[in-house]
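Note that this is a predicted model, so its numbers are computed, not measured. In what follows, every chain begins at residue 1, and chains take the letters A, B, ... in the order their sequences are listed.
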Amino acid sequence: MLKKFLIGFVAVIVSLWFLTPVVLIVIASLTPSSDFYDPQKLFPTKLTLDHLYKLFVVLDGWKATLNSLEVAGISIGLSFLVGLPAGFALTRYVFPGKNAFRLSILLTRSFPVMIIAVPLLVLYIRIGISDTLLGVALAHTSMILPFVVLITSSILSGISVEYEEAGMIFGLSRFGAFAKITLPLALPGLAASAIFAFIMSWNEVFIASVLTLINRTLPAHILNTAMTSPDYFKFAAGTVMALPAMVFIFFTRKYLMSMWGISLK
Amino acid sequence: MVYRKDIIPFLLLLPTLAYLVLFLGYPLVQTFILAFTSDKGAFGNFQQLISTGEFWKTLKNTLLITGVVVPLQLVLALLLALFVNMRFRGYTIVLYIISIPLALSDVSAALMSYSIFAPMGYLNKLLLKLDIIQYPIYFFGFMFKTREFWVIVLTEVWRATPLVFVIILAGLQAVNKEYLEAADIFGFSAWQKFRKIILPILKPSILSALLIRTIFAFQIFGVVWLLAGRDIPILAGEAFYWQTEVNNAHMASAYALIIALVSLIISWAYLTFLKPAQGSTA
Amino acid sequence: MAQVRLENVKKYFGHVKALDGIDLVVEDQKFVVLLGPSGCGKTTLLRCISGLEKVTDGRIYFDGEDVTGLPPRNRNISMVFQSYAVWPHMKVYENIAYPMKIKKYEKSEIEKRVEWAARLLNIHELLDRYPAQLSGGQRQRVAVARAIVLEPAVLLMDEPLSNLDALLRVMMRSELKKLQERLGTTTIYVTHDQVEAMTMGDMIAVMNAGKIQQYGTPEEIYHKPANLFVAGFIGSPRMNFLEMEVQSKDGAVIFNSETLEIDCPKHLLDKIRDFSQNRVVLGIRPEHIHLSRVESAYPLKGEVYFTERLGSDTIVHFKVNEVRIVAKIPSDVILREGERVEFFLDLSKLHVFDPETGRNLG
C-alpha cells in the first residue's frame, strides 16, 4: 500500500517536472500583456490570441512557418529518395564493404553537422542559391540522410525477406516485389521515421540561421528576432515551435524507442 | 560470363554516398581550407583566436556546461529509467510525458525556461505573490552570468535528459528477467542486483548515451544564444557570431573546426578508454 | 510438370562452398526430398533451383530447357516457404489470387481457381480473413493453396512443416503427399527430418557438406546406405559402428578388435577379399540386434548398461567389454541394469565401410 502510494507520488512529480514548462509557456502565450505585467496575477484572468496573431501576421511568423514546412518537406522527400535504396541494400544484400559503409554512416551521426553551414554558405553564394529554402533543405538533408538510411534499414529488416521472395516466385520482379509487397508492409514504420525526420528539420536552428537572411525558417526567425522582441512574442514563438512536435511525437510514440535507439547508436 | 559480381547493391548505395560526399565531405574539406587561410598565413586565424583570450573563455564555458550537464543527465536518466521500468499501472503515460522534450527544439526549450525565469516570469511572480521577495530576481543579463549559467544548465538537463533516459530504458528492457530472478534466489540485495547485474549489462547503453550526449552538449547553441547571448560565449555561438555578425567565414570555420576536433577526441576517448573495460567484463 | 536436371551446380559464398558440384535428376511428377543436417546446403540448392539464388557455376534444366539465367518469375515454379510467407497485408483470398493477378488472368478464371485450391486445402471458410487471424496450420494451408493454384511445373517446399506442432505435422505429412500424388506436380522438398523424408519422398537425396551423399529410394537409403554419413544420419537410434581389423582364421575371414570377434557373413566375403586394406568399420542397426536366436544370428554376451523405455520399444545399451552397443528390443522384455545377457546380431544386415573414404563395401 505504502509502496503503491510512493510510486504514484514519484510518477506525479516526474510528470509535473516534464509537463509544467510546456503548459506554462502555452498559458503565457495566451496571457494578455496587462495580466502578464501584473505581479499579482500568476495566471491570466482571461485568454487572448493576440500574441499568436501578432507573431504570425505582424512579425512574419506565418511566412517563416511556411518556410519551415517547405524546408522540412524537401528534406524529407530528398532524404528518403536518396536514402531508402541504401537502407534496402544494407538489409537485403551481402556485399564487400557493407560494414564499412554502415559504420561510416553511423559516424556521421556523431559528426557535428553544424560545421558544414559556413562552407555551404560560401558555396551557395557562388552557385547562386544563398538565402534560399532549397539551400537550407539540401543542408538539412545531409543531416537527416544518415538517419533515414539506418532507420529504413532497420524497418526493412523487420519485414521477413520471405514475403518479398514469395513475390518474386509468384511473378514479380525484384523491384516489383519490393514495391508491391515490402513497401506497403513498411509504410507505418516509414511514416513514423518521416515524422522524426520532420522534427529534425523543423527544430534545426544553427544551419538555417547561417544560410538565410530573409527567407528564414521559424526557429531561425525566432532566434534572430526574439532577443529584441517583447516577452509575449517569445512565448508565442515557443508555443508555436513546440506544438507540432508534440502532436507528431504523440502519433509516433509506438516507435519512440526504436527511432531514438537507431538515431543515437 | 553471366555470373558477374552483383553490382546492384553498389548502385543502390551510390546516391547516398554521392550526396554525403557532396554535402558533408566537400563542406568539411572547405572548412579546413577556410580555417587555414588568412592574411597572416595558414595559422593566422588560430593565432588571432588564441591571442584574443576570448577563445579560452569560450572553450572553458563549453567544457563547463558539458561537464555539469552530462553527469547530471546520466544520474537522473538512470533513476528515471529504473523507475519507469518498474512497469507500474499507467507507466506508459509517464513514459510518454517524459519523452515530450525529445521532440522539442532547443529554441522552444529555451523560451519555456525564459517564461519561468524572466523578470516577470512565473517564478518571480510566484515569489512576489507569496511576499518572499519585494523585487524581481534577475536571472538574465551580463551582470548575472552565474545565474544565467545555472538556468542554462537546468534547461539543458530538462530538455535532454529524456534522450539519455530512452537509451538507458531500452537497454534496461533488454535485461533478461531471469538474471534478476536468479539473483533473488541467491539472496542478492536490491543494491547488489543493481551494482552487480543491471549496471554491467547497461554499460553499453550508458556508454553510447554518454558519447552522444557529450558530443551534442559540446555543440550547444540555441539555448545559450537565446538565454545569454554572448554573455556566456560558447564555441558554436562564436562560430555563429563570426559568420553572421562579423562576416568572417575564416574565423567561423576555425571555431567550427575546433568543435569537430573536440568531438572527435571525445568519441575516440570514449571508445578507447571505455570499450576494452566492457569487453573484459563480458 | 517437368523434369528437373542439375549439372555440376556450384554455389560459393565468398570462400564457403555451400554447394560443391551437385548433379541431380528429378524425374517428372516425382516427389524428391533433399535431406541433411543444417548447413549441408539443401536450402541453398532449393533456392538455386527457384532462381532466388544465382548459381556460381553449373546448369539447371527444366524439361531440357536451360533456366540457369532466368529470374524466378520466368521459371514456372512455385514455392512454400518455411515461414509460409503468407502476405500479411492481404486477405487469404487475395493471397491465393495474387499470383494470377500478376499474370493478368481473367477475373472469372481467378475466382474459379481460388475456389478450387481453397476446396482442395479445406480453407474455404477462411478466404475472407487476414493471415494474422489464422493459426499456424491454417496459414500453411494458405501457403500451399497459393503454391498450387497455378499448377506450376515444379513445386518447391522449404521445411514447410517445421513450424507446426507434432500432431499437425504428422497429419500434414500424409495430406501433402496425397495432394502431390493427385496433382502429379514435380516436387522438391527440403527437410532435416528423416521421418518426413522416408514417409513422403519417392526419392531422397541425402546431402552433407555441399554434396549429395546418396540419391535413392527411401528403401535404398535405409538398407543400402552408400557411406558412413548416410548410414549414421538415417535411422534412430543411430547405427552401431565398430572399428575392426580383417583377419584370416582357419581359412575363414573374421573381424577382430581387442574385445570383439565376429565372423564375416557370406554376403560380404567377396567384397572383403577385394578390399585391399585390413581395417574396416562394421555397421549394424539397433533394430537388427535381437534377444532371441534368429537365422544368421551371431551371439554376443554383454552387460546391460542403461535402458530407455519408449513404450513401444526399449532401447538397450549393452557393454561388451568396453564397447558400447545399442539395441532396440520389444518393450515387453524387462532387462535390469547390470544384468548379463546374450544377444544376437543379424549378420545378414551387417554393413562394412571403408574407414578412410566412408564408402559402403557391401
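Contact tally against chain A (heavy-atom pairs below 4.5 Å) for B/Gly121, B/Pro136, B/Ala236: the top residue is B/Ala236. Chosen from A/Ile25, A/Thr20, A/Leu123, A/Val148, the residue pairing most often with chain B at heavy-atom distances under 4.5 Å is A/Ile25. Heavy-atom pairs under 4.5 Å with chain A were tallied for B/Leu14, B/Leu126, B/Leu264, B/Ile266; the largest tally goes to B/Leu126. Per-residue heavy-atom pair counts under 4.5 Å with chain A were compared for B/Val84, B/Val94, B/Ile98, and the maximum is reached by B/Ile98. Chain A forms the most heavy-atom pairs under 4.5 Å with one residue out of B/Tyr91, B/Phe218, B/Phe10, and that residue is B/Phe10. For chain B, the option among A/Leu213, A/Asn224, A/Thr141 with the highest count of heavy-atom pairs below 4.5 Å is A/Thr141. For the set A/Ile116, A/Asp231, A/Leu24, the entry with the most heavy-atom pairs within less than 4.5 Å of chain B is A/Leu24. Of all the listed residues (B/Thr244, B/Thr161, B/Leu226), the one sharing the greatest number of non-hydrogen pairs under 4.5 Å with chain A is B/Leu226. Ranked by heavy-atom pairs under 4.5 Å with chain A, the list B/Arg213, B/Met86, B/Gln30, B/Lys125 is led by B/Lys125.
Here the closest non-hydrogen pair linking A/Ile207 and A/Ala139 is CG2-CB, 3.6 Å. Between B/Ser205 and B/Gly171, the shortest heavy-atom contact is OG-CA, 3.3 Å. Taking each heavy atom of A/Ser201 and A/Ile144 in turn, the nearest pair found is CB-CD1, 4.0 Å. Shortest non-hydrogen contact noted between B/Asn124 and B/Ala118 is ND2-O, 3.1 Å. Residues B/Ala249 and B/Gln243 share a closest heavy-atom pair of CA-OE1, 3.4 Å. For the pair A/Ser33 and A/His51, the tightest heavy-atom approach, listed with the atom from each and the gap, is OG-CE1, 3.4 Å.
For B/Arg89, the CZ atom is loosely surrounded, since the number of other residues' heavy atoms within 6.0 Å does not exceed 12. Summarising the local packing, OH of B/Tyr138 is surrounded by 12 or fewer heavy atoms from other residues, nucleotides or ligands at distances under 6.0 Å. With a 6.0 Å radius and a threshold of 12 heavy atoms from other residues, nucleotides or ligands, B/Phe32 has its CZ atom at or below the threshold.
Looking at A/Phe18, the atoms closer than 4.5 Å to chain B (heavy atoms on both sides) sit in the backbone and in the side chain alike. If you measure heavy-atom distances from A/Leu42 to chain B, the contacts under 4.5 Å come from both the backbone and the side chain. Contacts of A/Leu84 with chain B are absent, with no heavy-atom separation under 4.5 Å from either backbone or side chain. With a 4.5 angstrom heavy-atom cutoff, B/Thr31 touches chain A via backbone and side-chain atoms both. A/Val94 does not touch chain B: none of its heavy atoms, backbone or side chain, sits under 4.5 Å away. Contact of A/Leu121 with chain B is made through the side chain alone, with heavy-atom distances under 4.5 Å. Residue contact with chain A, scored on non-hydrogen atoms closer than 4.5 Å, involves the backbone and the side chain of B/Leu104 alike. If you measure heavy-atom distances from A/Val122 to chain B, the contacts under 4.5 Å come from the side chain alone. Interface remark: A/Val149 contributes side-chain atoms only to the contact with chain B (heavy atom separation under 4.5 Å). Heavy atoms of B/Leu80 lying under 4.5 Å from chain A belong exclusively to its side chain. Using a 4.5 Å cut-off between heavy atoms, A/Leu138 contacts chain B through both its backbone and its side chain. Both the backbone and the side chain of A/Ser209 come within less than 4.5 Å of a heavy atom in chain B. Heavy atoms of A/Trp202 lying under 4.5 Å from chain B are absent altogether. For B/Phe88, the part lying near chain A is the side chain, with the backbone staying farther off; criterion is any non-hydrogen pair under 4.5 Å.
Residues of residues 232-241 of chain A lying under 4.5 angstrom from chain B, judged on non-hydrogen atoms, are A/Lys234, A/Phe235, A/Ala237, A/Gly238, A/Met241 in numerical order. The interface of residues 251-261 of chain B with chain A, defined by heavy-atom distances below 4.5 Å, comprises B/Ala252, B/Ser253, B/Ala256, B/Ile259, B/Ala260.
In this structure a side-chain-to-backbone donor-acceptor pair under 3.5 Å is missing from B/Ser113 to B/Ala110. Although no hydrogens or angles enter the test, the distance criterion places no donor-acceptor pair under 3.5 Å between the side chain of A/Asp131 and the main chain of A/Leu211.
Side chains of B/Trp225 and B/Asp106 form no contact here, defined as non-hydrogen atoms less than 4.5 Å apart. Residues A/His221 and A/Thr225 have side chains in contact (heavy-atom distance under 4.5 Å, counting atoms from C-beta outward).
Ring centroids of B/Phe139 and B/Tyr114 are separated by 6.0 Å or more, keeping the two rings apart. For B/Phe240 and B/Phe221, the gap between ring centers is short of 6.0 Å.
For the atom pair CG of A/Leu120 and CD1 of A/Ile125, the computed distance is 11.0 Å after rounding to the nearest 0.5 Å. Distance check, rounded to the nearest 0.5 Å: CD1 of A/Ile105 to CG of B/Leu17 gives 7.0 Å. Taking CG of B/Leu102 as the start and CD1 of A/Ile199 as the end, the distance is 9.0 Å to the nearest 0.5 Å. Between atom OG of residue A/Ser75 and atom CZ of residue A/Phe80 there is a gap of 11.5 Å, rounded to the nearest 0.5 Å. The CD atom of A/Glu204 sits 3.5 Å away from the NE2 atom of A/His140 when rounded to the nearest 0.5 Å.
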Could you go through the side chain to side chain contact (heavy atoms under 4.5 Å, CB included) check for A/Ser153 and A/Arg102 one step at a time?
CA-CA 10 Å; A/Ser153 141; A/Arg102 189 188 284 275; 3.8 Å; yes
